Structures are given as C-alpha cells and as structure tokens.
Trainee: 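The structure's right below; bear with me while I get my questions together.
FYI, the numbering just counts along the sequence from 1. Bear in mind that the values here come from a model prediction, so they are computed numbers and not experimental data. Values below: every heavy atom of this structure, side chains too, minus hydrogens, waters and symmetry copies.
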Amino acid sequence: MAMSQQSGILSQGATEERGENARMASFVGAVAVADLVKSTLGPKGMDKILQSMSRGQEVTITNDGATILKSIYVDNPAAKVLVDISKVQDDEVGDGTTSVVVFAGELLREAELLVNQKVHPMTIIAGYREACDCARGVLETGAFNHQSDAEQFRQDLLNIAKTTLSSKILTVDKEHFANLAVDAIMRLKGSGNLEAIHIIKKTGGTLHESFLDEGFILDKKIGVGQPKRIENARILVANTPMDTDKIKIYGARVRVDSMAKVAEIEAAEKDKMRAKVRSIIDHGINCFVNRQLIYNLPEEMFADAGVMAIEHADFDGIERLALVLGGEIVSTFDNPSEVKLGSCKLIEEIMIGEDRLIHFSGVALGEACTIVLRGASTHILDEAERSLHDALCVLKETVADARVVYGGGWPEIRMAKAVEELASRTPGKKALAMEAFARALRALPATICDNAGLDSAEIVANLKAAHGADSSSRMGVDVVRGEAGDMKELGIYESFRVRQQVLLSGTEASEIILRVDDLIKCAPRQRG
C-alpha cells in the first residue's frame, strides 16, 4: 500500500514515503536530472549557462554533463545518485558523462512503465542484469585493436579525439586540437601521468592559435635585476616564508621603550633573512622557485649572487614543477647534501600575447609538455580547457586499453539488437525488462538525432534495419548529412572503455534506484 506519513516511531519533524510514493519520487527525480542534461548530448548538443548566486555571481557556460551536474544543488536522493555516477564517469574515463546519465534516466523511464504494469522491481533488475551482460559481450566482440601498428593506432587515437571534441566548443578546430591532444599523450610513452601535461590559458588571439610546447611554462615573472636566461640550471623548489625582513604590524605586539629598539629588531630580522638566503645559495643553485612571496631584501641578495628567483608559484604550479624538474619541495635548508635539486637545460623568459612567462626546456621528465590555450574570453578558455581535459583522459584510457569501437550510436544499436534477440528466447516477465533495456539503448542515438533537429524515429528505424540485414554493418548516425552513415568512412570512433563504463554505470545506477521502496527524511538533531 502506498502511503506518506509521519510514523509513530520517528521523531518529530521526520517524514516517511513508502511503496509507490517512494518509488515515484525516485523515478521523477532521476528522470528530471536526465532530462536536464539530455539536450547537451551529441555533436549538436546545446550549452547551459550556470550562474552562481554567491557574491561573485560567476557564470559558467558548458555542455559537459559532469560540470553541469556538479554545479547544481539537488535535493532529491535519487537525482544525487545520477550526479554521483556522472562524477565517477568523469574521474574514471573523462568522457560519456552525459551519456551515462541519459541512459540511466531512460532505463528508469522504461522501468516506471513496467512497474505500472505490475512487474516486480526485482524481476526488472534481473532482466536488466542479463541484458547488460549480453550487451557487454556484444560490445567486446565488436571492438578492434590496432596497438601493434603504430601508424594505424595513432590514426585511431586521432579519430577518438575528434569524436570526443565534436560535442564540445573545440569542434570548429577539432583537427588542430585532436593533434595537440594526441601529441601530448604520445609524449607520455604510456605512463598515463596527466600531471606532466600542463595547460595554460591566455586570453587574446583565437582558439586556433593554441599550441603545444615541449617543456614547462610557468605563468610567473622573473625578479628585478636577475638573469633572464640560464643554461644548465640547477633549481631549488621551496615552500618557505621569504618576507620576514620587515616587522609585520598586523598580528604582532611589540612593546619597546624607544625607536632604537625597533631598529634593532628590524636589523635582527634582516640578519636572520641574510643567513637564510646564504644557506639557500650554498646549495650551489642558480635558480630559486618559491611558493610564497620573496621580499625586496632577499630578492636583491639573489640578484647579487646571480641567482634567478621566482616567487609566488602557486601550489598546483610548484608541485607540477617539482615533478617535471625531478626535484623535491624543500622547507628547511640546513642540510644541502640531502636536498634533491631539480634541473633543466635552459630557463628563459618568453612572451605570449601581452604577458611574460618563464619557459623551462630540456627538463628532467622528458615527457613533460605545456599546452597553451588562446581564446577571446575566460569563459571560452575555461570550456576549452574542460573539453581538452576530457579528450586527454579518453586518450590516456585508450593507450592503456587500446580497444576501439565505432561511435555515432553504432554500439547502442548493435547491443539493442542482441538484447532483443535474447529477450525473444527468454521466458517469463524478465523478457519485458530486456525489451525495455533495448529501447533505452536505442534512446541514445535517438537523442543525438533529436538534438540535431533530425527525424530520430526514421533514422533509428533505418539503423535498426541496416543492422538487421547485415550483422557486420558499420552504420551509425551521421548528424552532418542527417542520415545513417558508415562510421568507418566518417572516422567516428570511440574508446571501448568509455562505452563499457556508460553501459555498466548506467545499469548499476538504475538498479540502485529501482530497489528503493521506502524514503525516510530525518529532521536535524536539535542543538543546545
């Protein structure tokens, strides 16, 4: 029996939804979240503007599913499950964040219809599980691997990068950015350490002016009167205060009986700072990079010693710099023999647009590189960085697991066909759940068509017929021509890992939500 009540055993303020009401609340919340990001799916997906209501009222323009769902506040518990699987998809494989939410939403939409036909949720879950295993098997048999052929594998990576970037802001220059992403990933030589790829955003110019630079670029300036170019650099990377040569008025109370005493304290502070700078120089370095500020006195001393000093390299920058240069971040300088210094062949100042930056070339970590993004505004650059990061994550996964499948809805149509064939041989109500699973799979290519303003019913029917007539068909959605097209000829490839993760995560999320038959909201504990 469906009921919503305050149970006698629950404390004041707690509410409970049972049976049909609880299930309905879960379905409605999850489907609403899926519908929210549905319009962003595919190459012709639309963008969303997210405006923060905090003091800064920041504006984000994006069509990345994980970014959208991360930014919205969701009260419905089932909707939170979908937000979480989107985050996991982003962390695991980088792409498919919208697909996984839309797929889970379609599974729940179909499940709601079956529950209304008096099919038990456990029967639906059993059917979904068998259908998922069948679909996974089909996906594995349809994947191909060219890792042994370097030239062909690079072409596969380029195609995957172009497919990933097609649905992003970088689609206008996807050829250029696909090459950037593949070059950066190939430099990693299979290590998969994305920390070695540094992305810098600089407003001005056009997206096409973005470039890949071998080495590391730090968005800082070199101190006054210090060398602007150093060859065979020995670098000390530190996180230490270099601003104590002056008395800070705030937070300190010093009681003295004359100004001479204040001067003595200042002189002592300066002597202390001089000793610290000497101990740093004694490490035999010619470049000092600090996370914190460097005040005038130490900066002057470094300049006199011919040492380049770089201040205020933020945490992210300094950790990455230490990794790339092969050094360690140091806070004390008493034992020079125990400190691991960083090294590189050349440090010089370069100009990008109107800004001066510091360029480290010939670094210890040979695979390190920097991608410099140019663009008209910060919003465009932020979205370009998200898009490029997605492409880099997908390529990293593809290098680790080189299996590739065709894109454009090809895997979903193929999997749906196999699941329907299995359903026709399965007795009982489980078969209904399997047919529903196949319909949910076909909803993905249908959504891609709808977002491009095409007739989804006709195109999906044509794809279904093409795959039915030829089991080795390569037909998928060609949104440019507005018809079914050959995915191999069009070069629309996707990473096997991404499609597999979408299938498994979407099925598991819908299963969790389907199991719910009771929703209890507890009031917060009274304080005081």
Trainee: Would you please name every residue forming a side-chain contact (heavy atoms from CB on, under 4.5 Å) with D382, sequence neighbours left out?
Mentor: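 For D382 the side-chain contact (heavy atoms from CB on, under 4.5 Å) partners, ignoring immediate neighbours, are K201, R386.
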Trainee: I'd like to know if the side chain of Q89 pairs up with that of T97 as donor and acceptor (distance under 3.5 Å, no hydrogens or angles considered).
Mentor: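 Their side chains do not contain a donor-acceptor pair, so the 3.5 Å distance test is not met.
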Trainee: So which heavy atom on A309 is nearest to which on I294, and how close?
Mentor: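 Taking A309 first and I294 second, the nearest heavy atoms are CB-CD1, 4.0 Å.
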Trainee: For the pair R229 and E349, find out whether any cationic side-chain nitrogen is under 4.0 Å from an anionic carboxylate oxygen.
Mentor: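 Here R229 does not pair with E349 in a salt bridge, since their nearest N and O are not under 4.0 Å apart.
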Trainee: Can L207 and F177 be said to form a side-chain contact (heavy atoms from CB on, under 4.5 Å), step by step?
Mentor: CA-CA 9 Å; L207 282 170; F177 283 99; 4.2 Å; yes
Trainee: Listed by chain and number, what are the ring pair (Phe, Tyr, Trp, His ring centres under 6.0 Å) partners of Y406, not counting sequence neighbours?
Mentor: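 F144, W410, Y493.
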Trainee: Can you list every pair that meets salt bridge (Lys or Arg N to Asp or Glu O under 4.0 Å) and has a residue in residues 393-411, with sequence neighbours left out?
Mentor: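 Checked against salt bridge (Lys or Arg N to Asp or Glu O under 4.0 Å) - neighbours excluded - the pairs reaching residues 393-411 are E397-R497, D401-R403.
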Trainee: Assess whether a salt bridge exists between R187 and E214, defined as any Lys/Arg side-chain N lying under 4.0 Å from an Asp/Glu carboxylate O.
Mentor: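 A salt bridge links R187 with E214.
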Trainee: For residues 69-77, which side-chain donor-acceptor pairs fall under 3.5 Å, sequence neighbours excluded?
Mentor:
from	atom 1	to	atom 2	distance (Å)
S71	OG	T67	O	2.6
N76	OD1	A78	N	2.9
N76	OD1	A79	N	3.2
N76	ND2	A25	O	3.0

Trainee: Taking only distance into account, with no hydrogens and no angle test, what donor-acceptor pairs under 3.5 Å do side-chain atoms of residues 322-345 form with protein atoms, sequence neighbours excluded?
Mentor:
from	atom 1	to	atom 2	distance (Å)
S331	OG	N239	O	3.3

Trainee: If we ignore angles and hydrogens, is there a donor and acceptor under 3.5 Å between the side chains of T163 and K174?
Mentor: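 No donor-acceptor contact under 3.5 Å links the two side chains.
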Trainee: Got F302 and I280 here, is their nearest side-chain heavy-atom distance under 4.5 Å?
Mentor: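 Yes; the side chains approach each other to less than 4.5 Å.
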Trainee: Can you list the residues that meet the salt bridge (Lys or Arg N to Asp or Glu O under 4.0 Å) rule with R414, with sequence neighbours excluded?
Mentor: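 Result, salt bridge (Lys or Arg N to Asp or Glu O under 4.0 Å) vs R414: none returned.
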Trainee: Using the test ring pair (Phe, Tyr, Trp, His ring centres under 6.0 Å), find all partners of F103 that sit at least two apart in sequence or belong to another chain.
Mentor: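 Listed in chain order: F437.
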Trainee: Would you tabulate the side-chain donor-acceptor contacts of residues 478-486 under 3.5 Å, counting partners in other chains and residues two or more places apart, or write 'none'?
Mentor:
from	atom 1	to	atom 2	distance (Å)
D478	OD1	V480	N	3.2
D478	OD1	R481	N	3.4
D478	OD2	R481	NH1	3.1
D486	OD1	R474	NE	3.1
D486	OD1	K488	N	2.9
D486	OD1	E489	N	3.4
D486	OD2	R474	NE	3.4
D486	OD2	R474	NH2	3.0

Trainee: With a 4.5 Å heavy-atom cut-off, do L503 and C132 have their side chains touching?
Mentor: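 A side-chain contact exists here, since the closest heavy-atom pair is under 4.5 Å.
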Trainee: Can you sort out the partners of D183 under salt bridge (Lys or Arg N to Asp or Glu O under 4.0 Å), two or more places apart, ordered by chain and number?
Mentor: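 Scan of D183 (salt bridge (Lys or Arg N to Asp or Glu O under 4.0 Å), adjacent residues dropped) gives R154.
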Trainee: Evaluate ring pair (Phe, Tyr, Trp, His ring centres under 6.0 Å) for H198 paired with F216, printing each intermediate quantity in order.
Mentor: CA-CA 7 Å; H198 184 40; F216 190 89; 4.7 Å; yes
Trainee: For H208, what residues pass the ring pair (Phe, Tyr, Trp, His ring centres under 6.0 Å) criterion, not counting sequence neighbours?
Mentor: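 Testing H208 for ring pair (Phe, Tyr, Trp, His ring centres under 6.0 Å), a comparison that skips the adjacent residues, returns H176.
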Trainee: Which side-chain N or O atoms in residues 40-49 pair as donor and acceptor under 3.5 Å with protein atoms at least two apart or in another chain?
Mentor:
from	atom 1	to	atom 2	distance (Å)
T40	OG1	V37	O	2.7
K48	NZ	L36	O	3.1
K48	NZ	S39	OG	2.8

Trainee: Salt-bridged, K221 to D355, with N to O below 4.0 Å?
Mentor: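 Answer for the salt bridge query: no.
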Trainee: Residues in side-chain contact (heavy atoms from CB on, under 4.5 Å) with D304, at least two apart?
Mentor: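 side-chain contact (heavy atoms from CB on, under 4.5 Å) check on D304 returns E300.
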